[in-house]
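Report on one structure; see the data block that follows.
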Amino acid sequence: MGASQKDFENAVNRLKLLKEDPGNDTKIKLYALYKQATEGPCNVPRPPVLDFVSKAKWDAWNALGSLPKETARQNYVDLVSSLSPSPKSSSSGAIGNPPKSESVLMTSRDGITTITLNRPAKKNAITLQMYEDILLAMNAASQDDSTITVFTGNGEYYSSGNDLANFTDNPGGLKLSEDGNLPLRKFVDTFIDFPKPLVAVVNGPAVGITVTLLGLFDAVYASDRATFHTPFSSLGLSPEGCSSYTFPKIMGPSKAVEMLIFGKKITAREACARGLVTEVFPDGTFQEEVWARLKAYAKNPPNAMRIAKQVIRSSEKEKLHAVNAEECRILEERVLSEECINAVLNFFSRKARL
Ligand SMILES: CCCC/C=C/CC(=O)SCCNC(=O)CCNC(=O)[C@H](O)C(C)(C)COP(=O)(O)OP(=O)(O)OC[C@H]1O[C@@H](n2cnc3c(N)ncnc32)[C@H](O)[C@@H]1OP(=O)(O)O
């Protein structure tokens with residue numbers, strides 16, 4: 001039997017996590033096979049001769065002639081496998097290629113894979129290494145035997161967002177796009193494309209990118225101790241995580257503006273009323289109630305849940321990828337702005353804590 005659509009999607013995700021650049025020839029082959037697998041034979045006009053890159057891509061796609069979509073899909077999967085060994089999964093719930101990290105933990109049981117931010121002394125602020133580890137964890141979770149993937153935080157906070165030292169430790173500025181030192185674009189793309197139900201168990205306050213990403217989750221359960229805060233303006237930054245699109249859609253433009261431009265911190269109950277949070281639980285019984293709920297949900301047939309997610313989300317994916325690309329482009333400029341540099345310096349000199 002040839003590669004399934006799921007195998008193909010997994011290969012697309014695995015490719016995003018390659019550590020080494022596979023080289024231009026391979027990238028062009030992958031492009032051509034991807035186009036053939038998703039759109040069929042080349043059906044667009046040849047680009048102008050001087051547009052070398054587009055022309056090379058078009059030539060490679062066109063050269064595949066009438067190769068059936070299924071064969072192109074299989075060839076794509078084979079080519080990606082030859083570049084990166086496939087993570088293993090097993091019926092015991094063992095996870096292939098999880099991150100070897102103390103700050104991002106990964107466990108799998110009862111059909112649920114849980115990714116836990118584990119840096120409580122720093123309120124689970126996310127370092128550059130943690131972004132990489134989360135990507136690894138998500139890739140492993142997307143391919144293991146679990147039915148649901150959960151994000152949570154260890155300790156008092158869910159997360160205080162991006163570690164502000166990421167800015168000061170990179171004096172030349174952070175490159176946030178494709179080949180940058182923090183591939184934020186790839187990071188957010190992984191949430192957009194995640195194939196299984198993705199649930200946030202928000203155990204305490206959440207800040208910055210860990211709030212904005214919630215708009216890409218399928219369910220958000222929050223303790224009544226949690227708060228939600230996106231202080232982008234006071235940090236001289238701009239919205240990310242697709243929040244410039246998801247927040248106005250979820251809560252309406254004026255409530256989104258209150259959070260994303262004015263940096264209003266809202267409670268869990270307010271976030272629930274705005275549609276960002278699915279349900280709020282008393283902190284005393286939060287863990288017990290939420291995990292009982294999730295264990296019951298995880299007993300549903302996994303394929304049905306995955307397909308339901310695909311049906312609900314697929315029409316938005318293209319738009320979300322475009323929003324993410326644009327947000328990263330703008331943010332890359334903002335992190336170099338005087339406003340941002342001053343705000344971060346103030347934070348570390350303890351002048352400006354939230
Ligand atoms: C590269 C682009 C990536 C994408 C962009 C993302 C945007 C964002 O995520 S913006 C949001 C950034 N986060 C913040 O601005 C929060 C900053 N933190 C605070 O204001 C406060 O720490 C707090 C309100 C979260 C907690 O205050 P509290 O008084 O209870 O504790 P502290 O003593 O301040 O914190 C304990 C410890 O943790 C360190 N820390 C906390 N958060 C961060 C952080 N985001 N980055 C770096 N370090 C953080 C804090 O410095 C303390 O460390 P020390 O004990 O060593 O002083």
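As a basis for the values below, the full set of heavy atoms in this structure was taken, side chains included, without hydrogen atoms, waters or symmetry mates. Atoms within each ligand, like the ligands themselves, are counted from 1 in listed order.
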Inset, instruction - With heavy atoms under 4.0 Å as the rule, classify the contact between Leu164 and ligand 1 as side chain, backbone, both or neither. - result: both
Legend entry - Candidate with minimal heavy-atom separation from atom 44 (C) of ligand 1, of Pro120, Ala206, Ala125: Ala125
Legend entry - Numbering as shown, the atoms of ligand 1 that approach Tyr131 to under 4.0 Å (heavy-atom distance): 3 (C), 4 (C)
Legend entry - ring pair (Phe, Tyr, Trp, His ring centres under 6.0 Å) partners of residues 192-232, not counting sequence neighbours, each pair once: Phe151-Phe217, Phe191-Phe217, Tyr221-Phe281
Inset, instruction - Return yes if a side-chain donor-acceptor contact under 3.5 Å exists between Ser159 and Asn124, otherwise no. - result: no
Legend entry - Flag side-chain contact, heavy atom, 4.5 Å: Asn324 against Ile192: yes
Legend entry - Minimal non-hydrogen separation, Ile266 against Met259, with atom names: CD1-SD, 3.7 Å
Inset, instruction - Would you list the pairs meeting side-chain hydrogen bond (donor to acceptor under 3.5 Å, both in side chains) in which at least one residue belongs to residues 265-274, sequence neighbours left out? - result: Glu258-Arg274, Thr267-Glu270
Legend entry - Pairwise side-chain contact, Ile112 with Ser146, heavy-atom cut-off 4.5 Å (strictly under): no
Legend entry - For Lys122, the ligand 1 atoms whose distance to one of its heavy atoms is below 4.0 Å: 38 (O), 39 (C), 40 (N), 41 (C), 42 (N), 53 (O), 54 (P), 56 (O)
Legend entry - Contact check, Leu235 vs ligand 1, heavy-atom distance below 4.0 Å: yes
Legend entry - Residue Ala121 vicinity, atoms of ligand 1 by number, heavy atom under 4.0 Å: 36 (C), 37 (C), 38 (O)
Inset, instruction - Check each atom of ligand 1 against the heavy atoms of Phe232 and keep those under 4.0 Å away; list them by number with element. - result: 7 (C)
Legend entry - ILVMFWY network linking Tyr31 to Val80, side-chain heavy atoms under 4.5 angstrom: no
Legend entry - Atoms of ligand 1, numbered as shown, that sit under 4.0 Å from any heavy atom of Ile209: 6 (C), 8 (C), 9 (O)
Inset, instruction - Could you name the option among Val211, Asn162, Val207, Leu331 that has the heavy atom nearest to atom 8 (C) of ligand 1? - result: Asn162
